[in-house]
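Reviewing the structure listed below.
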Amino acid sequence: MANLDKNYDVIIIGGGPNGLTAAGYLARAGAKTLLLERHHEGGGGLVTEEFSGFRFNTHAKLMLMMDCMPPYADMQLDSWGCRYVIPDAAISLLTRDGKALTLYSDIEKSAKSIAKFSPADAERYVGVMKDWYTIVNEALIPATYSLPLPMLDMVVSYQKSQIGEVVNEMAEETFLETLDAAGFENDLLNAALLFMGTMYGIDPEDGLGFLLPLYVNRVLHSAVVLSGSHQLAASLSRFANKSGASLERAAEVTKILCDGTKAVGVRLASGDEVFAKKIITTTDPEMTFLDLVGEEVCNAASPTLVAQTKEWEWESTSLFNVHFALSERPVYTAGLNDPDVDRSLIKVMGLESVDEVMAHIKKVKAGGFSLAGSGMTFTDYDPMQAPVDIEPGAAVACFETLAPYENSEGDWDDLQEGYTKQVRELWSQYAPNLRDATVVRQYVNHPKAIEAKLPNMKRGSIKHGAYLPTQMLSNRPNPDCSSYRTPIENLYVAGASVWPGGMVLLGGGYNAAGVVADDLGVERWWSEPDYVVEARKKGLVG
């Protein structure tokens with residue numbers, strides 16, 4: 001740390017996806033930028049670990065916004081090493097009797113698959129998905145990459161357009177109500193749609209029904225980053241570094257220094273102090289305001305900030321996943337009836353109805369382990385994630401499911417081996433060759449391990465906090481901070497606990513960078529995407 005300057009235009013706390021994004025934009029704009037990351041390597045949840053030549057994406061696996069996130073084009077991340085593939089066959093819901101419902105990014109191809117189970121639903125699916133795609137592309141994706149409107153202003157503004165009125169109505173619904181309004185009869189189709197909306201822990205009974213079309217659309221366009229998820233972090237780092245940002249790892253911030261109610265710098269675990277005109281933090285609200293800033297300063301700056309922070313709710317569920325390095329790829333019995341099963345990205349197992357999806361979620365919320373979820377074989381799209389030159393036919397596969405942070409059956413470390421055996425047995429019921437396949441290496445990631453590795457994901461909360469009506473849009477993390485500015489002068493928030501949330505959208509870093517650039521008086525070198533410009537004309541973004 002001795003080589004660091006003492007003064008910067010911007011200090012960014014946290015080298016995850018949003019911190020790296022903000023660093024790249026601001027450094028390229030000419031701001032003297034320092035990013036501080038507590039780990040020895042940046043990237044946050046963009047973790048790729050290599051074991052015996054097999055690459056496991058141990059946290060973030062699928063990128064839901066790669067084809068439309070502004071930083072990818074603005075920073076030309078493909079030229080910095082981040083390339084991806086979006087499989088057209090996105091998800092197959094497998095049945096216990098060897099059949100499958102496969103859904104695609106293409107609406108018409110999905111309809112043909114649905115027609116095997118329900119011709120009426122196939123026809124209806126085309127109309128519903130076209131409507132949902134319009135909502136997502138014209139309103140929800142643009143909102144992801146712009147500042148959230150205050151809740152009342154949003155409702156009023158959205159009433160001015162047909163799309164906005166639909167979103168307003170969905171905002172009052174639960175996922176179950178939004179799904180019911182779609183009018184599908186077939187339980188497999190309804191189960192598949194509900195699974196896509198809830199696979200990352202959103203409670204289908206908590207409201208925010210407009211997120212169901214968003215998640216369905218985006219899961220159907222899921223991307224796999226070639227060479228592993230960490231390549232996205234690496235490309236962001238390369239761009240930021242080339243643009244002049246200083247990226248310091250193993251540099252833990254222990255205090256945000258304030259002069260009265262104005263943030264002026266940070267203190268590191270080493271004892272060093274560094275100062276800046278603007279400070280951006282990607283930490284969660286509790287760490288930001290209660291630990292790094294402190295209640296005394298927060299109370300002086302705002303009468304509500306501490307109380308709002310203490311009311312922050314973490315997610316009620318987390319994730320359990322097992323990564324397998326295999327001698328051969330899983331081959332599915334359902335592939336005999338639907339050849340596209342073997343090339344679809346996500347295979348859903350153990351969930352064939354809405355009732356089963358709901359029972360799965362409720363068991364996990366009650367503290368139990370529910371043996372159902374999804375399997376993915378990443379080497380089907382990127383063979384180089386396994387040492388195929390040494391072990392031809394080798395594969396990397398992962399099974400993922402919702403899981404409780406506090407397990408009613410005991411300690412996670414004691415239970416993980418038994419659960420892994422159950423997972424392999426379930427998977428083998430759908431892909432029988434897995435029973436005899438050699439497991440070269442395996443890696444288990446459970447909720448408490450997630451928290452241990454990524455401290456801002458308290459209680460294994462992968463999105464840094466629950467998606468609730470009281471914690472989304474201009475309520476995320478609270479009304480005082482939803483503009484990315486905070487009541488602490490010169491302090492900004494940009495992590496997954498601010499709008500638009502987690503899931504590696506890069507939206508928090510992108511939006512915060514624009515706000516900070518304006519406040520610094522530096523010129524933005526990037527332009528808003530056309531879809532944001534068009535949405536603003538319709539009153540759908542701020």
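Keep in mind that what you see is a predicted model, and the values were worked out from it rather than measured.
- Residue Lys99 places its NZ atom among 12 or fewer non-hydrogen atoms of other residues, nucleotides or ligands, all under 6.0 Å distant.
- Here the side chain of Thr333 pairs no donor or acceptor atom with the backbone of Gly98 at under 3.5 angstrom.
- A salt bridge does not link Asp382 with Arg55: every distance from a Lys NZ or Arg NE/NH1/NH2 to an Asp or Glu carboxylate oxygen is 4.0 Å or more.
- Here Ser318 contributes atom OG and Asn407 contributes atom CG; the two are 11.5 Å apart, rounded to the nearest 0.5 Å.
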### Task
For Ile202 and Leu212, run side-chain contact (heavy atoms from CB on, under 4.5 Å): C-alpha distance rounded to whole Å, both residues' side-chain angles, the deciding distance at 0.1 Å, then the answer.
CA-CA 9 Å; Ile202 300 180; Leu212 179 62; over 6 Å; no
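- In terms of modelled atom types and a separation under 3.5 Å, the side chain of His446 and the main chain of Ala449 share a donor-acceptor contact.
- Between the OG atom of Ser374 and the CH2 atom of Trp427 there is a distance of 8.5 Å, given to the nearest 0.5 Å.
- Within the 4.5 Å cutoff, no side-chain heavy atoms of Thr48 are placed close to those of Gln385.
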### Query
For Asp340 and Arg343, what are the C-alpha separation, side-chain angles and deciding distance, and is it a salt bridge (Lys or Arg N to Asp or Glu O under 4.0 Å)?
CA-CA 5 Å; Asp340 281 351; Arg343 67 182 191 86; 3.0 Å; yes
### Task
Run the numbers on Trp80 and Leu236 for side-chain contact (heavy atoms from CB on, under 4.5 Å), then give the verdict.
CA-CA 8 Å; Trp80 296 100; Leu236 288 166; over 6 Å; no
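- For Trp499 against Pro148, the heavy-atom pair with the smallest separation is CD1-CD, 3.6 Å.
- Between the side chain of Arg329 and the main chain of Ala394, no donor-acceptor pair closer than 3.5 Å is present.
- The aromatic rings of Phe320 and Tyr419 sit perpendicular to each other, their planes meeting at more than 60°, with 30° as the lower class boundary.
- Val219 and Ser222 make their closest contact through O-OG, 2.7 Å (heavy atoms, listed as atom of the first residue, atom of the second, distance).
- Inter-residue side-chain proximity for Asn18 and Val498 is flagged as unmet; no heavy-atom pair is nearer than 4.5 Å.
- A donor atom on one side chain and an acceptor atom on the other are found under 3.5 Å apart for Tyr484 and Asn511.
- For Asp97, the CG atom counts as densely surrounded, since its 6.0 Å shell holds more than 12 non-hydrogen atoms of other residues, nucleotides or ligands.
- Checked against the 6.0 Å centroid threshold, Tyr133 and His221 count as a close aromatic pair.
- The distance from atom NE2 of His360 to atom OG1 of Thr317, rounded to the nearest 0.5 Å, is 8.5 Å.
- Heavy atoms only, all atoms of each residue included: Glu451 and Arg459 are closest at OE2-N, 3.0 Å.
- In this structure, Tyr215 has its ring center no closer than 6.0 Å to that of Phe175.
- Partner of Val357 under the side-chain contact (heavy atoms from CB on, under 4.5 Å) criterion, chosen from Asn190, Asp187, Leu194: Leu194.
- Between the Tyr25 side chain and the Met75 main chain, no donor and acceptor come within less than 3.5 Å of each other.
- Other residues, nucleotides and ligands contribute over 12 non-hydrogen atoms within 6.0 Å of the CD atom of Glu49.
- The shortest distance between side-chain heavy atoms of Ile91 and Leu345 does not fall below 4.5 Å.
- Nearest heavy-atom pair across Met503 and Leu64 is CE-CD1, 4.4 Å.
- Looking at Ser327, its side chain never comes within 3.5 Å of a backbone N or O of Ala437 through a donor-acceptor pair.
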### Task
Step by step, work out the side-chain contact (heavy atoms from CB on, under 4.5 Å) result for His59 and Ile450.
CA-CA 8 Å; His59 192 74; Ile450 292 172; 3.9 Å; yes
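- Within the 4.5 Å cutoff, the side chain of Asp106 has no heavy atoms near those of the Asp88 side chain.
- Proximity of a side-chain donor or acceptor of Ser146 to a complementary backbone N or O of Gly542 within less than 3.5 Å is not detected.
- A heavy-atom distance below 4.5 Å is not found between the side chains of Asn217 and Leu140.
- Using a 4.5 Å cut-off on side-chain heavy atoms (C-beta onward), Met199 and Ile346 make contact.
- A donor-acceptor pair under 3.5 Å links the side-chain atoms of Tyr531 to the main chain of Cys68, judged by distance alone.
- Looking at heavy atoms from C-beta onward, Met63 lies in side-chain contact with Leu46 at the 4.5 angstrom threshold.
- For Lys463 (side chain) and Tyr200 (main-chain N/O), a donor-acceptor pair under 3.5 Å exists by modelled atom type.
- Leu232 contributes atom CG, which lies 7.5 Å from atom OG1 of Thr21 (distance to the nearest 0.5 angstrom).
- The two residues Pro447 and Leu319 come nearest to each other via the heavy atoms CD-O, 3.4 Å.
- The distance from atom CZ of Arg424 to atom CD of Gln429, rounded to the nearest 0.5 Å, is 13.5 Å.
- Under the 3.5 Å distance criterion, with hydrogens and angles disregarded, no donor-acceptor pair is assigned to the side chains of Asp355 and Ser353.
- Heavy-atom minimum distance, Glu108 versus Val126: OE2-CG1, 3.8 Å.
- Within the model, atoms CG of Leu540 and CD1 of Ile163 stand 6.5 Å from one another, a figure rounded to the nearest 0.5 Å.
- For the pair Lys448 and Tyr405, the distance from NZ or CZ to the six-membered ring centre is under 6.0 Å and the angle to the ring normal is within 45 degrees.
- The aromatic rings of Trp314 and Trp312 lie perpendicular to each other, with more than 60° between the two planes, well past the 30° mark.
- No donor-acceptor contact under 3.5 angstrom links the side chains of Asp338 and Tyr332, judged on distance only.
- Between Glu534 and Lys537, the closest side-chain pair of non-hydrogen atoms falls below 4.5 Å.
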#### Entry: Verdict with reasoning, Val225 to Cys82, per side-chain contact (heavy atoms from CB on, under 4.5 Å)
CA-CA 7 Å; Val225 178; Cys82 181; 4.1 Å; yes
### Task
In sequence, state the C-alpha distance, the side-chain angles, and the governing distance for Asp342 and Lys347, and then conclude on salt bridge (Lys or Arg N to Asp or Glu O under 4.0 Å).
CA-CA 9 Å; Asp342 276 324; Lys347 282 84 168 177; 5.8 Å; no
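- Enclosure of atom NZ in Lys116 by more than 12 non-hydrogen atoms of other residues, nucleotides or ligands within 6.0 angstrom is indicated.
- Of the possible polar contacts, one joining the Ser408 side chain to the Gly367 backbone as a donor-acceptor pair under 3.5 Å is found.
- Using a distance-only test at 3.5 Å, with no hydrogens or angles considered, no donor-acceptor pair links the side chain of Arg476 to the main chain of Tyr467.
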